[in-house]
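Positions are given from 1, in the same order as the sequence printed here. Both backbone and side-chain heavy atoms feed into the values below; hydrogens, waters and symmetry mates do not.
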Amino acid sequence: MLQQTQVATVVPYYQRFVERLPDVAALAAAPVDDVLKLWEGLGYYARARNLHAAARELLRAHDGRIPDDPNAFRKLPGVGDYIVAAVMSIAFDRPLAVADGNVKRVVARLDALDENIDRPAGARAVLDRAQDLLARDDPGTFNQAMMELGALVCRPLNPRCDACPVRHQCAARREGDPSRYPVRSPRREVPAARIAVGVVSRRGRVLITRRPDSGLLGGLWEFPGGKVTEGESPACACAREIREEVSLEVEVGERIARVRHAYSHLRVEIEVFACRYRAGDVVLDGPVDYRWIRPEETDEYAFPRANHKFMAEVKKTLAPARRRAKPRRPA
Ligand code: SF4
C-alpha cells in the first residue's frame, strides 16, 4: 500500500485490511473482489491484484511463509526493487538500501548530484550511494530513517535544513540552494479527455460492467461509457459506447452529474447520463463481466474513485424510478 501512497492515507486502509485478512492464508483464500473492495479508493489496483496473487503463490510454493532470500522473494507477483529492499531489510535485516522518491532526494542533495535521477545513470548513482551509506548492522531502521528524513525534513520544497541531522555533511546545503536537487526530467503535461458514462436502468435495476484484470483500474466495476470523440456530443458518445461495449440500445436521458478526476497520466471530465434500456441482450466487448443490480447494491462492488464522485447522484436519480416501478396494491 505504501508504494505510491502516503502513510496518512494508507493507515485506515491498512487497519481495515489486516482486520479482515489477517494473514497470508486468509488473503489467499479471499475472492479477488473482496481484496479490491478493501482497496477501493487507494488507486493503483494492480498492487491489490498482485498482493493477492503473491499470497496464493506463497501458499503454493513457500508453505505460506515469506522467503527471507531476496532472489526467491523477487519472483513473487508485483515485487520489484523497492519492495525487495524494504521488506528484506526491515523484516530480515538484509543489507539492501531502499531508494524511493524520498531517499533519492536526500542522497542527491547530500552529494549535490548533477546527474538526472530520471535517467538510468543517475538512478544507478543514487542507488549505489544509498547502498554505500547503508548502516549494515541495522539496515531496516536505517532505510526507514532515510525515508522519514526525506518525507518530513528534506522536503521537495522548503527543506528544513536547520533541523536536519545530516546538515553538516550536505553539499547542497553548503551550496545554498538545496531545492535545485535532485535534477529531474521536465514533467510532461498531462493530457485531458472527456468521458461520457451511462447509468442504464431497467426494471429498477442498473447495469454495471467489470474492467479486465490487466490495465488501468483492472478488475473494478463501473458504469459503461468511454471517450467522447472529436465532433461528437457527450450524449451521442454515451449511446455509442454502450452499444459498442454491451450491445444494448438505450435512450439517453438527462445529464445527472458532471465531475472531474485526475489520474497520474490523464485528467478527465466525466458527464453522466441517466439512460433507459430500450432493446438488446448484453454482449460484452471490452468489459469481462456485468450485473444488473439494485442501486443500493453498489456498495457491495469495488468502483473507481471517479465513479464514487457521482454515486450519490446515481442513487438519487434512480430512487423515484424504483418507486414508480413498484406494483400498486389493488384497492
Ligand atoms: Fe536535505 Fe537540507 Fe538535510 Fe541537506 S541539509 S539533506 S538539503 S534537509
Side-chain angles (χ1 to χ4, degrees), residues 30-43 45-46 48-49 52 193-228 234-235 237-259 261 263 268-325:
V32 70
D33 271 350
D34 290 6
V35 180
L36 288 170
K37 185 68 190 166
L38 287 163
W39 209 275
E40 188 180 31
L42 258 188
Y45 296 91
R49 292 194 308 276
H52 183 245
R194 289 175 80 191
I195 306 284
V197 162
V199 180
V200 182
S201 58
R202 186 186 188 192
R203 297 187 196 129
R205 290 179 180 255
V206 58
L207 179 67
I208 59 171
T209 56
R210 184 175 186 160
R211 298 175 68 92
D213 279 339
S214 57
L216 181 73
L217 309 172
L220 267 62
W221 293 86
E222 63 183 5
F223 300 97
K227 276 189 190 172
V228 180
C238 180
R240 175 185 54 74
E241 285 285 342
I242 289 168
R243 195 178 307 120
E244 288 172 5
E245 279 187 6
V246 294
S247 201
L248 294 185
E249 291 302 325
V250 299
E251 181 186 318
V252 178
E254 63 165 334
R255 188 181 71 198
I256 58 174
R258 178 156 64 184
V259 300
H261 190 73
Y263 298 100
V268 292
E269 182 183 85
I270 306 172
E271 296 194 48
V272 187
F273 295 90
C275 298
R276 281 236 311 270
Y277 168 86
R278 277 178 52 192
D281 294 317
V282 174
V283 178
L284 298 174
D285 186 0
V288 294
D289 202 356
Y290 75 97
R291 300 268 192 285
W292 289 99
I293 63 168
R294 290 192 297 274
E296 62 271 21
E297 287 173 336
T298 51
D299 298 342
E300 294 166 24
Y301 295 82
F303 286 87
R305 189 180 279 181
N307 278 216
H308 278 287
K309 288 184 173 174
F310 56 79
M311 202 61 93
E313 280 82 1
V314 170
K315 290 179 181 174
K316 224 184 297 165
T317 307
L318 291 170
R322 293 195 68 220
R323 277 200 294 276
R324 277 199 304 277

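- When all heavy atoms of Ala235 and Val252 are compared, the closest pair comes out as O-CG2, 3.7 Å.
- Listed here is the closest heavy atom pair of Ile256 and Glu313: O-CG, 3.5 Å.
- Closest of all the heavy-atom pairs between Thr209 and Pro287 is CB-CB, 3.7 Å.
- Shortest non-hydrogen contact noted between Gly204 and Pro295 is O-CD, 3.5 Å.
- Contact check on Glu249 versus Arg243 returns a salt bridge, with a Lys/Arg side-chain nitrogen under 4.0 Å from an Asp/Glu carboxylate oxygen.
- Applying the side chain to side chain donor-acceptor pair (under 3.5 Å) rule to pairs touching residues 274-289 yields Asp289-Arg291, sequence neighbours excluded.
- Applying the salt bridge (charged side-chain N to carboxylate O under 4.0 Å, His left out) test to pairs two or more places apart or on separate chains, those with a residue in residues 250-259 are Arg255-Glu271.
- In this structure Val288 satisfies the side chain to side chain contact (heavy atoms under 4.5 Å, CB included) test together with Arg210, Pro212, sequence neighbours excluded.
- A donor-acceptor contact shorter than 3.5 Å links the side chain of Glu40 to the backbone of Phe303.
- Of all heavy-atom pairs spanning Phe310 and Ala257, the tightest one is CB-CB, 3.7 Å.
- Under a 3.5 Å cut-off, the side chain of His52 and the backbone N or O of Leu36 do not form any donor-acceptor pair.
- In this structure a side-chain-to-backbone donor-acceptor pair under 3.5 Å is missing from Lys227 to Ile195.
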